[in-house]
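Scroll down for the structure; my scribbles are underneath it.
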Amino acid sequence: MRTAPTVLHLDMDAFFAAAEQAAKPSLRGKPVVVGGLGPRGVVSTASYEARRFGVHSAMPMAQARRLAPNAAYLVPRFTLYRAVSEQVMGLLGRLSPLVEPLSLDEAFVDLEAGGSADDTASALATGERLRRDIRELTGLSGSVGLAGSKMLAKIGSEQAKPDGLVLIEPGTERELLGPMTVRTLPGVGPATGEHLRRAGMTTVSDLAEAGEDELVRLLGRAHGASLYRMAMGNDDRPVVSEREAKSVSVEDTFDTDLHDRVRVRTEVDRLAERCVRRLRASGHSGRTVVLKVRRYDFSTLTRSETLRGPTDDLGVVREAAGRLLESVDTTGGVRLLGVGVTGLADFTQEDLFAQAAAREREAQEHADPLGEAAGAGQGDAGAEGGAGERGEGVAAVGDGAPSAAGPAGLPEPSEERRFPAGHDVRHAEFGPGWVQGSGLRRVTVRFEEPGSAPGWVRTFWVDDPDLELSEPLPLVPETGQSRQSSWPASRPKFRSESRSERAAGPSGGSGAGRARP
């Protein structure tokens with residue numbers, strides 16, 4: 001334990017939702033929910049306005065909609081979140097060479113290692129300066145905890161939320177931790193918490209009074225001893241600048257249970273491909289392939305196969321996942337599938353036999369045009385699988401959102417013309433905006449951008465050639481630049497007929513071709 005609060009923990013406030021509010025002036029101060037918009041989607045982040053209705057992370061999206069029906073429901077924009085995260089991590093890197101990112105919006109910093117702080121006064125000044133710099137650079141707020149250990153710094157940032165700073169003086173750990181629930185301590189999840197509750201331990205002071213021997217008896221040598229040290233306020237874990245990845249995995253939850261065995265295998269192959277892409281992007285290979293299957297009754301099965309050496313070959317991973325699938329009964333229906341690779345390494349040792357089998361299987365598929373067509377059909381039906389991804393193109397703001405299904409007799413737009421709710425677009429005439437909702441082959445756009453006044457709304461046909469998806473705009477304009485609204489302050493006067501209006505005709509429906517506030 002340190003004698004000065006030189007361990008800093010930063011946690012951005014409602015990061016995804018706050019970024020969306022900063023990018024969309026019309027959503028500031030209003031409830032915003034970011035996550036998967038499909039029937040089985042879950043909430044990734046809820047703004048503080050939405051949390052007042054009881055919406056929180058990991059909640060089923062259907063439940064969130066019941067609690068806050070008038071909130072804005074948006075598909076995540078990870079391109080934007082990563083860009084903002086890089087800005088924030090850059091600020092942390094100026095404070096110390098020892099920065100330990102935990103996620104896009106959370107990190108530990110060793111201020112002492114960077115010479116940024118060596119006592120209470122300097123640590124407090126550094127924390128306040130960091131919060132100010134984050135606000136100026138990104139327009140967002142972050143909460144900061146300062147303490148002599150990682151555990152207490154994280155507790156401090158939780159107490160500081162939203163948009164605050166809490167410094168825990170070394171020597172006050174026991175007094176602070178005593179009345180807190182056991183779930184406050186790292187490594188105590190729902191199962192361990194329930195086990196301790198049955199033993200009569202609900203607060204951290206209960207653990208300290210029980211003693212190390214009793215906790216070892218209940219939880220085992222390693223876990224019990226570690227938990228006792230945490231309860232006594234002792235946490236000597238260092239801040240490490242690089243966290244070694246232990247696994248790479250992807251999974252999808254499906255809107256409806258999959259019953260067709262061929263479709264299930266197609267989805268496993270697709271997941272294997274995505275997993276290998278992530279594996280290669282991280283610069284790793286893996287030795288063990290893992291298959292995860294959640295069935296119709298919520299029972300979850302995992303199967304794994306260890307290869308003779310690390311690999312990042314798609315054919316090897318796909319064949320291993322396929323073999324694992326053969327050992328799982330999926331006749332009752334499958335609601336979730338996942339493929340992962342563990343036992344990561346920085347080198348590759350190909351499994352030549354599995355690779356050869358994969359090549360042979362691919363050759364047979366390409367030699368059979370009927371089989372290839374059937375496989376393509378299954379892949380199209382799968383779309384991109386996960387509830388979060390399948391929510392793309394569904395109107396998501398407020399009530400009365402049009403359905404994603406097209407009207408009878410009208411073909412659905414092609415995949416490249418889908419407009420996910422909340423994503424950025426640019427119109428050749430009206431400039432930048434974002435998708436407020438889409439459906440019935442129409443897309444509704446609010447034309448505004450970061451730093452502008454709340455904008456106006458206009459609806460277009462989804463195949464309007466003047467409307468295209470675009471990259472996110474910076475949340476804060478560059479120095480010396482000012483950004484004006486894409487629309488004038490008063491209601492604009494349009495020329496008699498735009499291209500979209502001509503296409504829609506006099507009865508375009510759903511407000512097509514008309515501007516409205």
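Side-chain contact between Cys275 and Val341 is present, with at least one heavy-atom pair separated by less than 4.5 Å. Under the 4.5 Å side-chain criterion, counting only non-hydrogen atoms from C-beta, Met59 is not in contact with Val42. Using a 4.5 Å cut-off on side-chain heavy atoms (C-beta onward), Pro474 and Val476 make no contact. Looking only at side-chain heavy atoms (C-beta outward), Lys24 and Val32 stay at 4.5 Å or farther from each other.
Between Arg94 and Asp133 no salt bridge is recorded (no basic side-chain N to carboxylate O distance below 4.0 Å). Salt bridge annotation for Glu86-Arg82: absent, with no cationic side-chain nitrogen under 4.0 angstrom from a carboxylate oxygen. Comment: Lys150 engages Glu100 in a salt bridge, judged by a side-chain N to carboxylate O separation of less than 4.0 angstrom. Look at Glu194 and Arg197 and you find a salt bridge, because one of the NZ, NE, NH1 or NH2 atoms lies within 4.0 Å of a carboxylate O, short of that distance. One finds no salt bridge joining Arg132 and Glu128 here, because no Lys/Arg side-chain nitrogen approaches an Asp/Glu carboxylate oxygen to under 4.0 Å.
Using modelled atom types and a 3.5 Å distance limit, the side chains of Thr311 and Ser285 yield no donor-acceptor pair.
Every pair tested for salt bridge (charged side-chain N to carboxylate O under 4.0 Å, His left out) that includes a residue from residues 166-188 fails, sequence neighbours excluded, so the list is empty. Residue pairs meeting the ring pair (Phe, Tyr, Trp, His ring centres under 6.0 Å) criterion with at least one member in residues 9-32, sequence neighbours excluded: His9-Phe108, Phe16-Phe78, Phe16-Tyr81.
Atom CZ of Arg2 has more than 12 heavy atoms from other residues, nucleotides or ligands within 6.0 Å.
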Cut-off 3.5 Å, no hydrogens considered: what does the side-chain donor-acceptor table look like for residues 137-145, sequence neighbours left out?
{"from": "Thr138", "atom 1": "OG1", "to": "Ile134", "atom 2": "O", "distance (Å)": "2.7"}
{"from": "Thr138", "atom 1": "OG1", "to": "Leu140", "atom 2": "N", "distance (Å)": "3.1"}
{"from": "Ser141", "atom 1": "OG", "to": "Asp13", "atom 2": "OD2", "distance (Å)": "2.8"}
{"from": "Ser143", "atom 1": "OG", "to": "Asp13", "atom 2": "OD1", "distance (Å)": "2.7"}
{"from": "Ser143", "atom 1": "OG", "to": "Asp163", "atom 2": "N", "distance (Å)": "3.1"}

